[in-house]
Amino acid sequence: MYPIDTQDGLFHDGDGISELGTILPASWLNQVQQELIAVLSEAGIIPEKANTTQVVNAIKLIISNNKAAFAGVADSAKKLQTARTINGVPFDGTQDINATPAGVIQFFTIDWAPTGWLKANGAAVSRTTYANLFAAIGTKFGAGDGKTTFNLPDLRGEFIRAYDDGRGVDSGRWNGGWQGDAIRNIYGVLSGIYKQSDSIANGPFRAGNYGPRGIMHQFNNENLGVTQQVTFSVQAAGLPTANENRPRNIALLACIKI
């Protein structure tokens with residue numbers, strides 16, 4: 001059905017002075033009538049002069065009689081015109097897919113693993129139930145029972161360090177390889193006044209009966225004629241101490257995609 005033949009395709013009332021109202025040509029009115037009668041005919045309804053609900057009833061009847069056809073249209077509408085793959089997974093729009101590859105590590109603020117994920121806690125899990133994950137990581141983090149299970153990575157309490165991958169700043173590692181903690185050697189000079197005495201000596205590090213040669217060295221105690229060695233500790237003033245070296249950090253739950 002084409003629009004009314006005006007400049008903007010709309011009807012106008014006009015003001016009777018500067019603009020006349022839109023004149024409805026018989027051709028346009030005949031087309032409207034023919035299309036409405038066609039709707040009634042499709043529904044098998046005979047037009048009645050006094051019935052003003054025939055068009056609505058005809059539309060309802062047409063839909064009711066063609067539910068199967070409409071359902072087919074709806075089903076096909078969910079499909080992509082051209083199927084494609086996302087991360088290697090076929091996708092045509094008819095169902096949800098797992099677009100995140102198995103083996104991806106993600107961190108969550110919730111205390112449980114979301115659907116499609118497992119906690120990265122080192123647990124031994126089934127090789128068949130989690131076949132996609134087993135294909136991705138194999139026994140890199142442990143072979144489980146060696147037959148039916150394999151181990152997940154255990155990231156609890158660990159800092160994550162990016163894999164060197166040939167750069168040379170952290171050589172001798174492999175992707176997924178664990179490394180213990182360490183601290184660099186600290187070099188420097190400790191100075192102060194240390195004197196032989198039966199009491200505790202003076203200076204930034206205090207020690208007793210160790211003679212005039214100072215601390216940080218083995219030396220011969222001239223009075224006792226034996227070799228002594230000073231043992232001392234250093235504490236960072238104003239900073240908290242612990243049994244580990246660590247930066248500021250925040251704890252999140254590490255999970256792995258299955």
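In this chain, residues are counted from 1 in sequence order.
Connection of Ile37 to Val55 is not established within any shared hydrophobic cluster, with ILVMFWY side chains joined at heavy-atom distances below 4.5 Å, either directly or through further cluster members. Following chains of ILVMFWY side-chain contacts shorter than 4.5 Å, one can reach Trp112 starting from Val104, so the two form part of one hydrophobic cluster. Neither Phe141 nor Leu253 shares a network with the other; the hydrophobic side chains, linked directly or stepwise wherever heavy atoms of I, L, V, M, F, W or Y lie under 4.5 Å apart, form separate groups for each. Under the 4.5 Å side-chain heavy-atom criterion for Ile, Leu, Val, Met, Phe, Trp and Tyr, Tyr163 and Ile256 are members of distinct hydrophobic clusters.
Heavy atoms only, all atoms of each residue included: Phe159 and Pro247 are closest at CZ-CD, 3.6 Å.
Few gaps surround CG on Asp145; more than 12 heavy atoms of other groups in view lie less than 6.0 Å from it. More than 12 heavy atoms of other shown residues, nucleotides or ligands fall within 6.0 angstrom of atom CG in Asn57. Within 6.0 Å of atom CG in Asn249, more than 12 heavy atoms from other residues, nucleotides or ligands are found, so the atom counts as buried in its surroundings. The number of heavy-atom neighbours closer than 6.0 Å to CD1 of Ile160, taken from other residues, nucleotides and ligands shown, is above 12. Summarising the local packing, CD of Glu42 is surrounded by 12 or fewer heavy atoms from other residues, nucleotides or ligands at distances under 6.0 Å.
Taking the side chain as every heavy atom from C-beta outward, Gln179 and Asp170 approach each other to under 4.5 Å. Residues Phe91 and Thr85 form no side-chain contact, since every pair of their non-hydrogen atoms from C-beta on lies 4.5 Å or further apart. Put simply, the side chain of Leu133 reaches to within 4.5 Å of the side chain of Leu152, judged on heavy atoms.
With sequence neighbours excluded, the residues that form a salt bridge (Lys or Arg N to Asp or Glu O under 4.0 Å) with Arg246 are Glu244.
Side chain of Thr6 to main chain of Gly9: a donor-acceptor pair is present (N/O by atom type, distance under 3.5 Å, no hydrogens or angles). For the pair Gln54 (side chain) and Glu48 (backbone), a donor-acceptor distance under 3.5 Å is present. A distance-only check finds a donor-acceptor pair linking the side chain of Lys257 to the backbone of Gly116 [under 3.5 Å]. In this structure, Asn132 contributes its side chain and Ile258 its backbone to no donor-acceptor pair below 3.5 Å.
To the nearest 0.5 Å, atom CD1 of residue Ile4 and atom CD1 of residue Ile23 are 10.0 Å apart. In this structure, the separation between CG on Asp15 and CG on Leu20 is 8.5 Å, given to the nearest 0.5 Å.
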